[in-house]
Visitor: 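Provided herewith is a single structure, encoded as structure tokens, for subsequent inquiry.
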Amino acid sequence: MSAFIVLGAQWGDEGKGKMTDYLAEGAEVIVRFQGGNNAGHTVEVGEKQYKLHLIPSGILYGNKLNVIGNGVVIDPKALFEEIDYLENLGVKVTPENLVISDRANVIMPYHKLLDALKEKARGKNDIGTTGKGIGPCYTDKVERSGIRVCDLIDNEVFKGKLQESLSAKNDIITKAFEGEALDFDAVYNEYTDYANRIRPFVQDISVRVYDEIKANKKVLFEGAQGMLLDIDYGTYPYVTSSNTTAGGVCTGAGVGPTMINSAVGIAKAYTTRVGKGPFPTELYDETGEWIRDKGHEFGVTTGRARRCGWLDLVILKTSARVNGLTSFAVTKIDTLAGLDKLKVCTGYKFGDKVIDYFPASLEDLAKCEPIYEEFDGWDSSVADARSYEELPENAKLYLKKIEEFTGVKIAIISVGPRRDQTMVVGEI
Ligand code: GDP
Ligand code: IMO
Ligand code: MG
């Protein structure tokens, strides 16, 4: 019996797509358990680059089962655009290699509209969401007024639920935000077309994933976003609206914790964040810009420039604890090549104390001053390394520090975006 988790250990964009694709070679089933098309996962295979938002990164293999779990919020328009995009690139997507949970909540046009209207109303306190309707859809789920995939594919049930929801939402859109009401017939007709197209993919995925694990198939759970965007353990309210941490796997795919064997945290060799919110080790100088340019740190989903900063071991330690990480995969050490000196944050000075955990209160976090340790840099030969021994000595010291501080071993080191630019150095 074998199931393992791959998730982001920082603020997202750590290279989960690349690592999922790499690790999917040894897995038979790949499952997304939370988030939606706010995610942007890049996979490079040979000369081709794929950008995935909603569909698990295992889809590129053709012969693996990919699962969209109940914890995911699904925008059917985005789903079919992504299927068409993949088919245009020669990747087949059929009910044989993709199944979708009947319990997943559906992103409706009013969720996207409300995402934009709420952000506008927040003014300078906006969250900087991706604008994909994620927060409003999860809000309805928790409020128990959401429309699920099983409702969407039953025309009568869908009609009733849409009538109720749309009238309530149109009230909010027009009265609270002075926006324009949505037309029932237009939404109903658009979504019944999606219902017809999605129906063959729909299943009880908890039963399916359980059966696959019991049949000794290797199952990979692919996280979206990252530890500090978690609704409970992230930098609330500057977070996404789902549990991005390991606990989200159980609720988002209907599997028990005893069915999962390991969890690998994907950590970028430095830190990035897109959108608003605190970021203790952020660099506001030319080094930050240098990292952004060299690392092509621009959002896959929104195109926004990512904020860049030094590696923060407080984040990785928190991630190791909250996710029960069994190993790290460290990406993009090649991006840092060429810097003379590097800094790594090993704690926060908080009043007269030094802490190595992330405080809940943003007011407390604002008072935290990062404490840095300096490391010597390495050169671009790092990108050619294919084994630990071939890495420059200074890169080894940097990586050792991550293991020492977090108490978690590094299993994989990535030195470029492609599958072959990866080395396995330990057990995941
Ligand atoms: P995800 O959201 O975690 O899947 O990450 P993104 O795809 O949003 O961003 C990671 C970016 O880094 C992508 O463009 C990847 O192709 C790229 N990438 C991943 N690993 C490496 C690496 O080790 N080195 C370099 N240079 N790029 C990498
Ligand atoms: P992947 O899977 C980085 C951020 C947004 C915003 C906050 C809330 O590619 O790592 P939302 O639209 O989810 O309500 O936005 O979360 N965010 C991400 N940042 N990577 C992502 O996904 C993200 N998905 C959402 O920028 O700050
Ligand atoms: Mg991304």
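Along the sequence shown, residues carry numbers from 1. Counting convention: from 1, in listed order, for ligands and their atoms alike.
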Visitor: Of the protein's non-hydrogen atoms, which lies at the shortest distance from atom 18 (C) of ligand 2, and what is that distance?
Guide: L229 CD1, 3.6 Å
Visitor: Pull out every atom of ligand 1 sitting under 4.0 Å from any heavy atom of K16, numbered as shown with elements.
Guide: 1 (P), 2 (O), 3 (O), 4 (O)
Visitor: Please report the closest heavy-atom contact between S414 and D334, naming both atoms and the distance.
Guide: O-OD1, 4.1 Å
Visitor: Considering only protein heavy atoms, which is closest to atom 6 (C) of ligand 2, and at what distance to one decimal place?
Guide: G128 O, 3.2 Å
Visitor: Should K332 be listed as contacting ligand 1, given a heavy-atom distance under 4.0 Å as the test?
Guide: yes
Visitor: Please assess M259 against C250 for the test side chain to side chain contact (heavy atoms under 4.5 Å, CB included), listing each intermediate value before the final yes or no.
Guide: CA-CA 9 Å; M259 308 275 286; C250 294; over 6 Å; no
Visitor: What is the nearest protein non-hydrogen atom to atom 25 (C) of ligand 1, stated with its residue, atom name and distance?
Guide: D334 OD2, 3.5 Å
Visitor: Of all the atoms in ligand 2, which lie at a distance below 4.0 Å from a heavy atom belonging to G40?
Guide: 1 (P), 9 (O)
Visitor: Does NZ or CZ of R419 come closer than 6.0 Å to the centre of the six-membered ring of Y61, within 45° of the ring's axis?
Guide: yes
Visitor: Does a donor on one side chain sit under 3.5 Å from an acceptor on the other, for Y270 and E297?
Guide: yes
Visitor: Please could you name the atoms of ligand 2 that A39 approaches to less than 4.0 Å, counting only its heavy atoms?
Guide: 1 (P), 2 (O), 9 (O), 22 (O)
Visitor: Among all protein heavy atoms, pick the one closest to atom 10 (C) of ligand 1 and tell me residue, atom and distance.
Guide: D13 O, 3.8 Å
Visitor: Against heavy atoms of D13, which atoms of ligand 2 measure under 4.0 Å?
Guide: 1 (P), 3 (C), 9 (O), 10 (O), 20 (N)
Visitor: Could you tell me whether some N/O pair between S241 and ligand 2 is separated by less than 3.5 angstrom?
Guide: no
Visitor: Which atoms from ligand 1 have a heavy atom of V415 less than 4.0 Å away?
Guide: 23 (O), 24 (N)
Visitor: Is the charged tip of K343 near the ring of F375: under 6.0 Å from the six-membered ring centre and within 45° of its axis?
Guide: no
Visitor: Is R304 touching ligand 2 with its side chain, its backbone, both, or neither, if touching means heavy atoms under 4.0 Å apart?
Guide: side chain
Visitor: Under 4.0 Å from ligand 2, counting heavy atoms only, is it the side chain of Y238, its backbone, both or neither?
Guide: neither
Visitor: Any chance the side chains of T20 and H41 put a donor and an acceptor closer than 3.5 Å?
Guide: no
Visitor: Show me which atoms of ligand 2 lie under 4.0 Å from any heavy atom of G275.
Guide: 27 (O)
Visitor: So, 4.0 Å and heavy atoms of Q10: is ligand 1 close enough to count as a contact?
Guide: no
Visitor: Please identify which of these residues, D84, V106, I55, V93, meets the side-chain contact (heavy atoms from CB on, under 4.5 Å) condition with L79.
Guide: I55
Visitor: Looking only at distances, please establish whether an N/O atom of ligand 2 is found under 3.5 Å from an N/O atom of H41.
Guide: yes
Visitor: Under 4.0 Å from any heavy atom of S414, which atoms of ligand 1 are there?
Guide: 20 (N), 21 (C), 22 (C), 23 (O)
Visitor: So, T346 versus E373: side-chain donor-acceptor pair below 3.5 Å or not?
Guide: no
Visitor: Go through I266 and V264 one step at a time and tell me if the side chain to side chain contact (heavy atoms under 4.5 Å, CB included) criterion holds.
Guide: CA-CA 6 Å; I266 315 302; V264 47; 4.3 Å; yes
Visitor: Distance under 4.0 Å to a non-hydrogen atom of T335: what atoms of ligand 1 satisfy this?
Guide: 26 (N)
Visitor: Answer with yes or no whether the side chains of E96 and T94 bring together a donor and an acceptor at under 3.5 Å.
Guide: no
Visitor: Given the ring of F405, does K317 sit roughly above its face, with NZ or CZ under 6.0 Å from the centre of the six-membered ring and within 45° of the axis?
Guide: yes
Visitor: Does the side chain of M227 come within less than 4.5 Å of V322's, by heavy atoms?
Guide: yes
Visitor: Of the options T281, D312, D356, which is the one that meets Y348 in a side chain to side chain donor-acceptor pair (under 3.5 Å)?
Guide: D312
Visitor: List ligand 2 atoms under 4.0 Å from K16, heavy atoms only on the residue side.
Guide: 1 (P), 2 (O), 10 (O)
Visitor: Does I205 offer a backbone N or O that forms a donor-acceptor pair with the side chain of Y210 under 3.5 Å?
Guide: no
Visitor: Provide, to 0.1 Å, the distance between atom 15 (C) of ligand 1 and the closest protein heavy atom, together with that atom's residue and name.
Guide: T42 CB, 4.0 Å
Visitor: Using a 4.0 Å heavy-atom threshold (strictly under), name the region of V300 that reaches ligand 2: side chain, backbone, both or neither.
Guide: neither
Visitor: Would you call Y191 and D193 a side-chain contact if the rule is heavy atoms closer than 4.5 Å?
Guide: no
Visitor: Pairs of nitrogen or oxygen atoms closer than 3.5 Å, one from K132 and one from ligand 2: do any exist?
Guide: no
Visitor: Is it the case that D230 and N243 place a side-chain donor and acceptor less than 3.5 Å from each other?
Guide: yes
Visitor: Please work out whether any backbone atom (N, CA, C, O) or any side-chain heavy atom from C-beta onward of E14 is under 4.0 Å from ligand 2, and answer side chain, backbone, both or neither.
Guide: neither
Visitor: Between S381 and D379, do the side chains contain an N or O donor and an N or O acceptor separated by less than 3.5 Å?
Guide: yes
Visitor: Closest N/O/S atom of D13 to the Mg ion (ligand 3), by atom name?
Guide: OD1
Visitor: Of the backbone atoms (N, CA, C, O) and the side-chain heavy atoms from C-beta on, which set of R273 has a member under 4.0 Å from an atom of ligand 2: side chain, backbone, both, or neither?
Guide: neither
Visitor: Identify the closest protein heavy atom to atom 13 (O) of ligand 2: which residue and atom is it, and at what distance?
Guide: T240 OG1, 2.6 Å
Visitor: Out of T244, V239, I231, T42, whose heavy atom is nearest to atom 8 (C) of ligand 2?
Guide: V239
Visitor: Return yes if a side-chain donor-acceptor contact under 3.5 Å exists between D115 and T129, otherwise no.
Guide: yes
Visitor: Indicate yes or no: does an N/O atom of T129 lie under 3.5 Å from an N/O atom of ligand 2?
Guide: no
Visitor: Under a 4.0 angstrom heavy-atom cut-off, which atoms of ligand 1 come close to H41?
Guide: 1 (P), 2 (O), 4 (O), 7 (O)
Visitor: Looking only at side-chain N and O atoms, does E282 offer a donor or acceptor that is under 3.5 Å from a partner on Y284?
Guide: yes
Visitor: Which residue holds the protein heavy atom closest to atom 25 (C) of ligand 2, what is that atom called, and what is the gap in Å?
Guide: Q225 CG, 3.7 Å
Visitor: Check each atom of ligand 1 against the heavy atoms of G40 and keep those under 4.0 Å away; list them by number with element.
Guide: 1 (P), 2 (O), 4 (O), 6 (P), 7 (O), 8 (O)
Visitor: Is it true that some N/O/S atom of G40, main chain or side chain, lies under 2.8 Å from the Mg ion (ligand 3)?
Guide: yes
Visitor: So is G416 touching ligand 1 or not, going by heavy atoms under 4.0 Å?
Guide: yes
Visitor: Could you identify the single nearest non-hydrogen protein atom to atom 4 (O) of ligand 1 and state the distance to 0.1 Å?
Guide: G17 N, 2.8 Å
Visitor: Quick one: is the NZ or CZ of K161 closer than 6.0 Å to the six-membered ring centre of F158, and within 45° of its axis?
Guide: no
Visitor: Would you say the side chains of Q34 and S242 form a donor-acceptor pair under 3.5 Å?
Guide: yes
Visitor: Can you report which non-hydrogen protein atom sits closest to atom 12 (O) of ligand 2, along with the distance?
Guide: T130 OG1, 2.6 Å
Visitor: Looking at G15, which atoms of ligand 1 are within less than 4.0 Å of one of its heavy atoms?
Guide: 1 (P), 3 (O), 4 (O), 5 (O)
Visitor: How far is atom 27 (O) of ligand 2 from its nearest protein heavy atom, and which residue and atom name does that atom have?
Guide: V274 O, 3.2 Å
Visitor: What atoms of ligand 2 come within less than 4.0 Å of a heavy atom belonging to A224?
Guide: 2 (O)
Visitor: Quick one: which ligand 2 atoms are inside 4.0 Å of a heavy atom on W11?
Guide: 3 (C), 19 (N)
